[in-house]
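Here the structure is laid out as structure tokens; the discussion comes afterwards.
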Amino acid sequence: MIQLTEAATLDIQDEIAVITINNPPVNALGYPVRKGIADGIDQVVQNDQVKAIVITCKGRTFMAGADIREFGKPPLEPMLYQVLETLDECPKMTLSAIHGTAFGGGLETALSCHFRIAVPTAQFGLPEVKLGILPGAGGTQRLPRVIGIDKALKMITSGNPIGATEALQDGLIDEIVEGDLKEAGIQFAKKVLAENRPLIRVSQNDEKIAAAKGNNEIFDHFRKSIARKTRGFQAPENCIKAVEASINLPFKEGLKRERELFTELLKGHQSAAQRYVFFAERQASKIPDFPKDIPLLDIKKVGIIGGGTMGGGIAMNFVNAGYLVTIIETKQEFLNRGLGVIKKNYEITASKGKMSTEDVDKRMSLITGSLNLKDLADVDLVIEAVFENMDLKKEIFSKLDGICKEGAIMATNTSFLNVNEIASVTNRPEYVLGLHFFSPANVMRLLEIVRGAKTDKSVLATSLSVAKKIKKVAVVVGVCYGFVGNRMIAQRGRETGLLLLEGATVDQIDRVIFNFGFPMGPFVLSDLVGLNVGWDDKSSSGSTIREVLCEAGRFGQKNGLGYYKYEQGSRTPIPDPDSLKLIADFSAKKGYEQREIGDDEIIKRAIYALINEGAKILEEGIAVRPSDIDIIWINGYGWPAYLGGPMFYGDLIGLDKVLETIKQFHAKFGDVWKPANLLEKLVAEGKGFKDLT
Ligand SMILES: NC(=O)c1ccc[n+]([C@@H]2O[C@H](COP(=O)([O-])OP(=O)(O)OC[C@H]3O[C@@H](n4cnc5c(N)ncnc54)[C@H](O)[C@@H]3O)[C@@H](O)[C@H]2O)c1
């Protein structure tokens with residue numbers, strides 16, 4: 001065996017050479033790997049005895065993408081594209097034997113070989129688009145030649161991986177093998193040689209793309225099919241253009257085009273934002289000065305109090321992860337309704353073929369319903385999700401204190417209320433915290449973990465670990481009214497409400513917020529949720545726009561009239577002169593003089609209000625770091641990932657410019673716009689939020 005580099009060996013057995021990569025932890029394609037493959041091929045080409053080269057990897061996976069340890073350093077030759085060209089043009093047979101994941105550069109390496117085999121558990125993907133870039137080492141040119149245009153477009157623009165069975169069906173791999181992978185590679189190579197099969201040089205094999213040449217419809221159709229999902233993102237469009245080049249240009253020209261499109265993305269702010277979000281998400285669960293070896297509590301049984309909108313969704317998260325769940329309600333009728341909604345949700349999933357009917361039964365069998373709080377005596381974690389009412393929550397927590405076993409975590413899903421006050425009614429405030437899920441709780445990824453003044457570290461660490469198990473993106477936040485997300489969105493709500501009174505129209509504000517990149521504007525959203533949620537006709541006094549609309553019988557989509565009107569059975573909002581008149585009359589009554597308001601003012605007032613509040617949240621220590629706020633906004637409030645979150649966006653605009661505008665608003669609109677001290681400090685020091693991380 002020859003040691004090629006510290007990360008690669010060459011082993012020649014008769015007519016087969018095996019290059020083994022060993023670059024822990026994930027066999028990233030750093031210099032010693034690239035050089036190892038290049039040198040190995042060089043030696044083999046000169047060895048007349050050898051007829052085929054098998055490339056395989058040690059450790060838990062096939063080659064991963066680029067080595068992050070090399071980021072920011074001068075590039076060292078051979079570059080990946082050069083190694084892949086050598087593989088592709090190798091006069092002797094090349095074969096990748098794959099286990100674990102072949103993602104990004106790893107898959108591009110495999111695609112440059114003449115054949116590919118894999119173990120049944122292997123996965124294949126080009127995830128670059130998720131970081132706002134595209135596969136830049138020939139992936140967009142080779143994958144369509146291997147699996148065809150449609151499948152390649154889907155894989156490259158979604159970034160989602162496929163498994164070995166699908167890869168075999170698509171022709172991405174030639175065989176699924178069991179047992180020792182290296183040995184299977186050698187046997188496969190011998191078989192190909194014995195059968196005298198021609199080497200398949202992917203770059204020269206246009207068979208699967210020939211039919212698509214000159215057929216622009218395929219691309220037009222595909223663009224339309226992903227338009228809604230990828231709205232605002234640049235990378236998917238550049239991916240499509242690169243795949244177009246694979247059929248319209250000769251291979252080498254296509255590679256050049258791919259590079260151009262890649263460089264364009266790399267230089268743009270979207271990929272910077274998306275890469276930032278990638279790392280920010282991984283950082284969010286780390287609490288500074290928190291020892292790693294905190295003992296975790298064992299969580300197996302979960303109790304949920306309240307089987308309404310949130311309780312039901314929260315229960316589904318735990319059931320999906322295999323926890324036993326007890327749901328407590330006040331009446332059998334409410335319990336039945338709650339369990340019924342959960343079952344229906346699972347049945348809908350099953351009807352889409354994403355779950356079997358046995359799975360539905362299995363999941364439902366993990367849930368027990370009860371009307372007796374005492375049935376929570378043996379649960380390890382309780383999450384309270386009853387009405388948003390402090391007295392009710394306190395009553396429940398003081399009862400729980402007498403019921404729950406020692407060491408049980410007691411959490412509240414409150415949206416706004418003071419977790420310390422709730423904890424204060426128990427004799428064990430160290431076991432109390434907020435677990436703030438977002439609606440629909442079974443879908444939304446965000447979980448704000450609200451750390452109370454007395455919450456024990458092991459309770460917090462356990463909650464973070466449980467969050468991971470139920471596949472949530474958890475962010476630890478401190479206690480204040482509305483925590484991070486709701487406290488900030490209240491600022492945006494205030495401004496969009498005032499803008500209405502000052503003369504902007506409902507659909508203008510919604511259009512501007514939608515075009516900024518949010519999934520919908522605030523008024524379409526209010527109509528969807530229902531204007532009368534939490535509204536009480538007895539105490540309503542026509543003192544807000546919402547009260548005025550509700551008093552006029554406008555409850556939102558549910559009755560076809562809200563900020564907009566809706567035709568029967570339709571969810572399309574239609575601007576309605578009647579609601580505008582109600583708003584204009586209310587505005588006049590309140591003494592506002594309505595004026596023309598530009599889109600730019602709407603953006604600045606809606607978004608800078610978030611940035612200013614975010615800065616206050618940071619200076620109060622409610623959020624640990626600016627990127628945590630951004631993760632909350634991306635995963636809980638639909639902020640577009642390509643703009644990185646409100647704090648990233650503030651830096652992008654320039655905090656000096658943001659502050660200048662905030663000061664103007666302060667002078668014009670009063671103290672709600674008082675600039676955050678932190679913002680003033682950062683600007684004075686010539687710094688951005690990024691310098692706080
Ligand atoms: N809906 C949201 O978007 C959202 C998002 C995040 C957090 N929250 C918070 O979650 C909590 C619940 O909100 P929701 O939207 O699910 O409300 P909901 O009205 O849909 O559900 C509340 C449920 O609690 C039950 N309940 C009331 N008192 C009870 C008691 N003493 N014991 C057992 N069950 C009782 C009710 O019967 C009802 O089914 C609130 O604190 C709310 O602020 C809501």
Side-chain angles (χ1 to χ4, degrees), residues 2 4-5 8 10 12 15-21 29 31-57 62-63 66 75-98 102 104-117 126 135-147 152 171-174 185 188-189 192-193 195-210 242-243 245-247 249-259 262:
I2 303 159
L4 295 162
T5 63
L10 176 67
I12 299 179
E15 53 185 10
I16 313 291
V18 179
I19 295 177
T20 304
I21 303 300
L29 277 152
Y31 170 75
V33 173
R34 300 194 302 269
K35 175 93 171 120
I37 299 175
D39 285 359
I41 294 173
D42 216 31
Q43 291 195 23
V44 169
V45 168
Q46 288 166 36
N47 184 336
D48 289 343
Q49 179 201 334
V50 177
K51 302 225 164 55
I53 307 158
V54 175
I55 299 179
T56 191
C57 291
F62 192 69
M63 283 165 260
L76 272 180
E77 294 210 355
M79 305 296 286
L80 183 57
Y81 76 90
Q82 293 167 323
V83 178
L84 301 193
E85 191 173 72
T86 313
L87 268 177
D88 187 308
E89 291 173 358
C90 182
K92 302 192 177 179
M93 180 188 139
T94 56
L95 163 78
S96 277
I98 301 161
L107 182 56
E108 289 178 300
T109 305
L111 284 167
S112 305
C113 290
H114 305 135
F115 298 97
R116 287 158 294 281
I117 62 166
L126 293 172
T140 65
Q141 305 305 296
R142 288 194 176 91
L143 191 64
R145 288 176 160 85
V146 174
I147 64 172
L172 179 53
I173 55 175
D174 300 281
F188 184 88
V192 171
L193 290 172
E195 290 169 2
N196 220 357
R197 283 204 233 166
L199 304 184
I200 302 173
R201 282 187 59 196
V202 171
S203 64
Q204 304 305 308
N205 187 10
D206 285 0
E207 215 174 280
K208 289 207 173 169
I209 56 173
V243 175
S246 79
I247 62 164
L249 297 174
F251 182 75
K252 290 213 165 159
E253 293 293 309
L255 284 183
K256 272 194 208 147
R257 181 78 183 121
E258 178 191 83
R259 177 93 342 225
F262 174 85

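All values below come from the heavy atoms of this structure, side chains included, with hydrogens, waters and symmetry mates left out. Nothing here was measured: the structure is a model prediction, and the numbers come from that model.
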Checklist entry - Is atom CD of E195 surrounded by more than 12 heavy atoms (other residues, nucleotides or ligands) closer than 6.0 Å? => result yes

Item to check | Distance (rounded to the nearest 0.5 Å) between S246 OG and R142 CZ | outcome: 12.0 Å

Checklist entry - What residues form a side chain to side chain contact (heavy atoms under 4.5 Å, CB included) with K252, not counting sequence neighbours? => result E85, E89

Checklist entry - How about M63 and I55: do any of their side-chain heavy atoms sit closer than 4.5 Å? => result yes

Item to check | Test item: T109 and L80 side chains (from C-beta on) under 4.5 Å apart, heavy atoms | outcome: yes

Checklist entry - Do V192 and F115 come close enough that some side-chain heavy atom pair is under 4.5 Å? => result yes

Checklist outcome for this item: Between G106 and F62 the two heavy atoms that sit nearest each other are O-CE2, 3.4 Å

Item to check | For E77, salt bridge (Lys or Arg N to Asp or Glu O under 4.0 Å) partners two or more places apart | outcome: none

Checklist entry - What distance do I21 atom CD1 and L29 atom CG have between them, rounded to the nearest 0.5 Å? => result 8.0 Å

Checklist entry - Roughly how far, to the nearest 0.5 Å, is the CG atom of L126 from the CG atom of L107? => result 4.5 Å

Next on the checklist: Test your reading of the model: is there a side-chain donor-acceptor pair from Q141 to the backbone of A242, 3.5 Å cut-off?
Outcome noted: yes

Checklist outcome for this item: dist L199:CG -> D88:CG (nearest 0.5 Å) comes out at 11.0 Å

Checklist entry - Given side chains that start at C-beta, do those of L87 and C90 come closer than 4.5 Å, heavy atoms only? => result no

Item to check | Exercise: identify the closest heavy-atom pair between G138 and L255 | outcome: CA-CD2, 3.5 Å

Next on the checklist: Apply side chain to side chain contact (heavy atoms under 4.5 Å, CB included) to residues F251 and R145 and explain how you reach the verdict.
Outcome noted: CA-CA 10 Å; F251 182 75; R145 288 176 160 85; 3.6 Å; yes

Checklist entry - Do the non-hydrogen side-chain atoms of Y31 and P78 ever get within less than 4.5 Å of each other? => result yes

Item to check | Residue pair V202 / L111, side-chain heavy-atom distance below 4.5 Å | outcome: no

Item to check | Closest heavy-atom pair and its distance - T94, S112 | outcome: OG1-O, 4.3 Å

Checklist entry - Are the side chain of T86 and the backbone N or O of Q82 linked by a donor-acceptor pair below 3.5 Å? => result yes

Checklist entry - Counting only N and O atoms by type, is there a donor-acceptor contact under 3.5 Å from the side chain of R116 to the main-chain atoms of L172? => result yes

Checklist outcome for this item: For A245 and R257 the tightest heavy-atom approach is CB-CG, 3.7 Å

Checklist entry - Taking all atoms of both residues into account, what is the closest heavy-atom pair of A110 and I98, and its distance? => result CB-CD1, 3.8 Å

Distance-only criterion, 3.5 Å: show the donor-acceptor pairs between side-chain atoms of residues 36-46 and protein atoms not counting sequence neighbours.
from: D39; atom 1: OD1; to: K35; atom 2: NZ; distance (Å): 3.4
from: D39; atom 1: OD2; to: K35; atom 2: NZ; distance (Å): 3.3

Next on the checklist: Looking at L193, is its backbone amide N or carbonyl O close enough to the side chain of K51 to form a donor-acceptor pair, meaning the two atoms are under 3.5 Å apart?
Outcome noted: no

Checklist entry - Looking only at heavy atoms, what is the nearest atom pair of P144 and V243, with distance? => result CG-CG1, 3.9 Å

Checklist entry - Heavy atoms, side chains only, cut-off 4.5 Å: are K208 and V146 in contact? => result no

Item to check | R201 CZ to H114 NE2 distance, which is reported to the nearest 0.5 Å | outcome: 6.5 Å

Checklist outcome for this item: Output for pair (I117 CD1, D174 CG), nearest 0.5 Å, gives 9.0 Å

